[in-house]
Protein chains: 2
Amino acid sequence: MLTIGSLANKTGTKVQTIRYYEQIGLMPEPGRTEGGQRRYGDDELDRLAFIRHARQLGFSLEAIRELLDLSDHPHRPCLEADAIARRQLKQVEQRLARLEALRTELKRMVHECSGGQTADCRVLEVLRDHSECLTDHDEIGA
Amino acid sequence: MLTIGSLANKTGTKVQTIRYYEQIGLMPEPGRTEGGQRRYGDDELDRLAFIRHARQLGFSLEAIRELLDLSDHPHRPCLEADAIARRQLKQVEQRLARLEALRTELKRMVHECSGGQTADCRVLEVLRDHSECLTDHDEIGA
DNA sequence: GGTTGAACCTCTAGTAGCTTGAGGGTGTAC
DNA sequence: GTACACCCTCAAGCTACTAGAGGTTCAACC
């Protein structure tokens, strides 16, 4: 039986985060001691490890909810899980493309900085003059 | 003189976002008509364009605040602006490295999916078994 | 001059995915 | 039996916006 703290340690999660996952129904309500402290078993450890791993891969909590649900029904076809992963892969590739464009522009800014006064600063100039910019207008979130 | 709506159009910003920037002090309080509607001039247009461009490059609002401040003092040395940009570049490169690792793992998951039952699903299996995972434990935000 | 309708106003609350803090109770080792 | 690390709940805060309610103003047209 694990306390919430040791579960947190084993999974690289913060204690508050575990309680948060319970609150939103991603983790089940665990057993409690007489005094009301949570105690966890191996099932919960596995489930939390699954969640954290998926989070590290960038899956949203909603996607993880679906994946856990699929994982709980081993006889359903796995097309759905596959679709979720493909969606995630696509998103990752889009973000990569955007970040690569940003890196290019940032590198250009930094390399052209003369080290003089801000009046001549290439960094500020580039930011001021949007016309030199390659990136498009729509999305911002990285 | 521009209304908030046309300023929004010209810069690819939402009206609410402009008001938000004003609220947090990133945009100045503009002049108003007798009826109380905001009216903007070219200075504000430039400032907002600067902000949006910097946001597209992934700078945080706090970083942008510093950059605007530097931009307002053309005779200060530009080392600071350069440092902010370098910091940003570093962050972008870190995120790129992480995303590339994610892409690799996601691709592996997706390509190995057999299309059978969830019980045999490679996607879920990989998520369950953290030991196959290459990514490290610390940061999660993409 | 009157009327219409798009665009404007303020204020509040919601989004994701947590994190932080206040104020207090529990469990265990010595 | 007492110290103290750990646990509890509840509420609020974070970033960077976005959405909606309920009401007002502007500009064009007749």
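Computed over heavy atoms, backbone and side chain alike; hydrogens, waters and symmetry mates excluded. Computed from a predicted structure; not experimentally measured. Note on naming: letters A, B, ... go to the chains in the order of the sequence lines (proteins, then strands), and numbering restarts at 1 for each one.
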* To do: Please check if the side chain of A/Glu93 supplies one atom and the backbone of A/Lys90 the other of a donor-acceptor pair under 3.5 Å.
  => no
* Give the rounded distance in Å between these two atoms: CG of A/Asn9 and C1' of D/dC6. => 12 Å
* **side-chain N/O B/Tyr21 vs D/dA16 OP1/OP2, d < 4.0 Å** => no
* Asked: Around B/Asp42, counting heavy atoms of other residues, nucleotides and ligands shown, do more than 12 lie under 6.0 Å from its CG?
  -> no
* Exam field: side chain B/Arg128 to backbone A/Asp46, donor-acceptor pair closer than 3.5 Å -> no
* Is any NZ, NE, NH1 or NH2 atom of the basic residue among A/Glu66 and A/Arg87 found under 4.0 Å from an Asp or Glu carboxylate oxygen of the other? -> yes
* Does a donor on one side chain and an acceptor on the other come within less than 3.5 Å for B/Tyr21 and B/Arg52? -> yes
* To do: Counting heavy atoms from C-beta on, name the nucleotide in D/dC17, D/dG20, C/dC18 closest to the side chain of A/Arg55.
  => C/dC18
* Let me have a per-nucleotide readout for nucleotides 25-30 of chain C, 5' to 3', with B, S or -, counting only protein heavy atoms under 4.0 Å. => BSS---
* Asked: Can you check the B/Leu2 CG to C/dC8 P distance for me, whole Å?
  -> 11 Å
* Asked: What integer distance in Å separates B/Met1:CE from C/dA7:P?
  -> 21 Å
* Stepwise side-chain contact (heavy atoms from CB on, under 4.5 Å) check, B/Lys107 with A/Leu89 -> CA-CA 7 Å; B/Lys107 269 192 176 164; A/Leu89 177 58; 3.8 Å; yes
* To do: Quickly work out the B/Gln23 CD to C/dC11 P distance and round it to whole Å.
  => 10 Å
* **Pair B/Glu62 + B/Arg65: basic N to acidic O under 4.0 Å** => yes
* Asked: Are B/Arg86 and B/Asp82 within salt-bridge range, i.e. N to O under 4.0 Å?
  -> yes
* OP1 or OP2 of C/dT20 sitting under 4.0 Å from any side-chain N/O of A/Lys14? -> yes
* **Terminal axes of the helix from C/dG1-D/dC30 to C/dC30-D/dG1 (five pairs each): angle between them, nearest 10 degrees** => 10°
* To do: Indicate, with a heavy-atom threshold strictly under 4.0 Å, whether A/Ile4 touches base, sugar-phosphate, or nothing.
  => sugar-phosphate
* Structure fact -> From CZ of A/Arg32 across to P of D/dC8 the rounded distance in Å is 6 Å
* Asked: Do any side-chain nitrogens or oxygens of A/Thr17 fall under 4.0 Å of OP1 or OP2 in C/dG17?
  -> no
* Taking atom P of C/dG17 as reference, at what distance in whole Å does atom CD of A/Glu22 sit? -> 18 Å
* What is the distance from CD1 of B/Ile18 to P of C/dA7, rounded to the nearest Å? -> 14 Å
* To do: Would you indicate which nucleotide in D/dA16, D/dC17, C/dT20 comes nearest to any side-chain atom of A/Gln16?
  => C/dT20
* B/Phe59 CZ - D/dT15 P separation (whole Å) -> 18 Å
* Short side-chain N/O contact to D/dC7 OP1/OP2 from A/Arg38, under 4.0 Å -> no
* Check whether any side-chain N or O of B/Arg19 sits under 4.0 Å from OP1 or OP2 of D/dT18, and answer yes or no. => no
* Determine whether the side chains of B/His73 and B/Glu80 contain a donor N or O and an acceptor N or O closer than 3.5 Å. => no
* Within the distance-only criterion (no hydrogens, no angle test), does the side chain of B/Gln88 pair as donor or acceptor with the backbone N or O of B/Gly58 below 3.5 angstrom? -> yes
* To do: Could you say whether A/Tyr20 or B/Thr3 is positioned toward the 5' end of DNA chain C, judged by the nucleotide with the nearest heavy atom to each?
  => B/Thr3
